[in-house]
*Asks:* 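One structure is given below, represented as structure tokens, and several questions about it will come after.
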There are 2 protein chains.
Amino acid sequence: MVTIADVAKAAGVSKGTVSSVFSKKRPISKEVTQRVLKAAEELNYRPNYWARSLVNRKTNIIGLNMRSEKMPLDAFQHELLDGMMEVCYEHGYRILINILQPSLLKQVELIASDPVDGEILLDPIHDDPRIEDRLKRHVPIVVVGRPSGELAGQVCSVDNDNIAAAAKSVRLLLTQGHRRILFLNSAKDRTVAEDRELGYYLAHREAGVDPVAGLILNKPDDDGTSIRFGYETTLQMLREHAGISAILADNESMAMGIYQAAEELGLHIPGDFSVIAFSGGEHFPPAMHPPLTGMRLDARTIGMEAARLLIEQVTAGAAGVKRILLPSELVERGSCACTH
Amino acid sequence: MVTIADVAKAAGVSKGTVSSVFSKKRPISKEVTQRVLKAAEELNYRPNYWARSLVNRKTNIIGLNMRSEKMPLDAFQHELLDGMMEVCYEHGYRILINILQPSLLKQVELIASDPVDGEILLDPIHDDPRIEDRLKRHVPIVVVGRPSGELAGQVCSVDNDNIAAAAKSVRLLLTQGHRRILFLNSAKDRTVAEDRELGYYLAHREAGVDPVAGLILNKPDDDGTSIRFGYETTLQMLREHAGISAILADNESMAMGIYQAAEELGLHIPGDFSVIAFSGGEHFPPAMHPPLTGMRLDARTIGMEAARLLIEQVTAGAAGVKRILLPSELVERGSCACTH
DNA sequence: ATTTTTAACAAAACCGGTTTAATGTAGGAC
DNA sequence: GTCCTACATTAAACCGGTTTTGTTAAAAAT
């Protein structure tokens, strides 16, 4: 490996001089500058990233921390990553994807502080230990989702307004005359599931409708694909419960499962029942048949906002604790219709 | 920041002793070990990742290097990333996503060597300067795709057998009676485009059919989305050229554009013309209408193989130059049919 | 002409770890 | 009792950069 000392020797100057030539933080004569640049060029010298980070206390890397069980990434996470990338790209930051086996985390090699300037945390759970750890070590973080309890007031976060989003979609279905609305919700321990359930009830109360019990089902804890859960649950619930005329799905994969189930049962969407889903992107819903009506969550914007917030925190020092709530847009496409 | 010196002072020992307690590379008495661990615990000490990397010359990070214009990531890249993540997860490696603005790359801050043990390079072009650079600096790399020219013999690579894949899909169309097959190929400078074009011609020759000139179009250099390119090109070509009865698309997004164009023109797939596409995942093609017939490229496996190959290189030192070619599977779903 | 300032560079200290060489101390062999 | 060895620990050197301090010679000020 070519070091700064090699360059210095080749150019007949000291290490500090070479450093100054590159950083331009102190004046170096034109003649010496030329000599150094030539030597560096010839030796194919590249400054060592880690040595520099060590002294600068800055890596220009931000981490994306997700719970390890979540693999592979779903549409929402991919869109979010895209958004993060776009902002990081503009600001000269790189992204470190941080998923490690819990077993490996115990190894000495890896308990080290993460090599990042800050982190974006996904899928917070109740009293998430990751958040407490970062707070204690003063590592800047932005949480995507709703941090629970007293942590909420201490960290920046970006999230959909899930309560409003769920309420808005249920409101649509209620005004269309649906009274038994099946809700295939996400896993129970996630704060997002709580929020959406709340929205579901809220819309019912507003409309003066008593929600039918047993129609909210949580996806079992992150095992199995969403598409299968949507498929199997729909088959089962439509058989067992009469009168279900609409289904609200947690994501577009579930909706695909629902579509498959409809086809198998010989049912027509939206003639026989309506479907509406929270969707991570607007890439695929329009291509479905019929085009899927949904709440556009805009994971991409969330990723962008989270990255902006984090970079702001990292560069400008500690800004205040901000919480950004993004509205979701209801996009009617063709999978919802009035009853009778 | 709590350093190793702080811990040493608190425990009343030297820095080296603390280091040994953590690394267990030299024997430390039980009593001292306890004292050190207690002090570290109380101070909430975490070893500094950069300092450690500096001396160990090892980061346990591998880089994913993609050409900056490619944003956001397409389905293929997302799947590939998933595969990489899975393997890295098992082996205790992190992934650094490396996309930087060309303008920023010139800044002194960023010309530094990348902070990784090795890199996976995407979308190689002719005499890719990235490859030459890594070779010169002896940074282990694995190329996803086909490195061009003399570089091919010097680096590991993982790729679809694109020639075979293209040939196989064109062969299907030819046996179905199609004679004017429009091929919406990817950008011209990419080696993958060459390979697939070769496959296109190969299948024609095998079948004794003279390919019609002007039916292979390359996507303009990575600007604009694939979906739009598919849409606009289809509209234009179907108007201008009579007799086109089948379209081969570079990816599923293009296929969606083609579907949209068909709808706008009031044409029926596969009744009026057939569509077949290279597809990164098997997530969405089945949900399209009609379900999209395609060559399943299995980006996930490519990602896994690339990561394995790279980690092998990084840990075991220089292994031989390997090239892994993965077969693609033709999945017939419903967007292709015989002519007349 | 002498002192003061400035420019341009060298030398050394530092960042926070790891590793090697040196040191001291206890136990065993003679 | 002396010498050697083994063991636990310390001090110092090192990784590859940046930054501070020191030094020298020329330019400017008095």
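Everything numeric here is computed off the predicted structure, so don't read it as measured data. Below, chains carry the letters A, B, ... as their sequence lines are ordered, and counting in each starts from 1.
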*Asks:* May I ask you to say whether B/Glu312 pairs ionically with B/Lys322, meaning some side-chain N is under 4.0 Å from a carboxylate O?
*Replies:*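 Salt bridge: yes.
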
*Asks:* Answer whether the closest heavy-atom distance between the side chains of A/Thr315 and A/Tyr93 falls below 4.5 Å.
*Replies:*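 Yes, at least one pair of side-chain atoms sits under 4.5 Å.
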
*Asks:* Less than 4.5 Å apart, any side-chain heavy atom of A/Asn160 and any of A/Val192?
*Replies:*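 In short, these two side chains do not touch, never coming nearer than 4.5 Å.
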
*Asks:* Whole angstroms only, please: what is the CD1-C1' distance between A/Ile28 and C/dA10?
*Replies:*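 The answer, rounded to whole Å, is 11 Å.
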
*Asks:* Looking at A/Ile141 and A/Ile131, what are the two nearest heavy atoms and their distance?
*Replies:*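 Result for this residue pair: CD1-CG2, 4.0 Å.
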
*Asks:* Taking only side-chain nitrogens and oxygens of B/Ser29, does any of them come within less than 4.0 Å of OP1 or OP2 of D/dC7?
*Replies:*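 No, no such contact exists.
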
*Asks:* Taking side chain to side chain contact (heavy atoms under 4.5 Å, CB included) as the criterion, tell me which of B/Leu310, B/Ile62, B/Ile61, B/Asn60 meets it with B/Cys88.
*Replies:*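 Only match with B/Cys88 under side chain to side chain contact (heavy atoms under 4.5 Å, CB included): B/Ile62.
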
*Asks:* What does the B/S/- profile of nucleotides 14-28 of chain D look like, 5' to 3', with a 4.0 Å heavy-atom cutoff to protein?
*Replies:* -BBBBBB--------

*Asks:* In this structure, how many angstroms lie between the C1' atom of C/dA8 and the NZ atom of A/Lys24, rounded?
*Replies:*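 To the nearest whole Å, that distance equals 17 Å.
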
*Asks:* How many angstroms lie between atom CG of A/Asn65 and atom CG of A/Leu121, to the nearest 0.5 angstrom?
*Replies:*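 So the CG of A/Asn65 and the CG of A/Leu121 are separated by 4.5 Å.
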
*Asks:* More than 12 heavy atoms of other residues, nucleotides or ligands under 6.0 Å from NZ of B/Lys38: is that the case?
*Replies:*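 Counting neighbours around NZ of B/Lys38, 12 or fewer heavy atoms of other residues, nucleotides or ligands fall under 6.0 Å, so no.
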
*Asks:* For the helix from C/dA1-D/dT30 to C/dC30-D/dG1, measure the angle between the helix axis at one end and the axis at the other, each built from five pairs, rounding to 10°.
*Replies:*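 Result, rounded to 10 degrees: 60°.
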
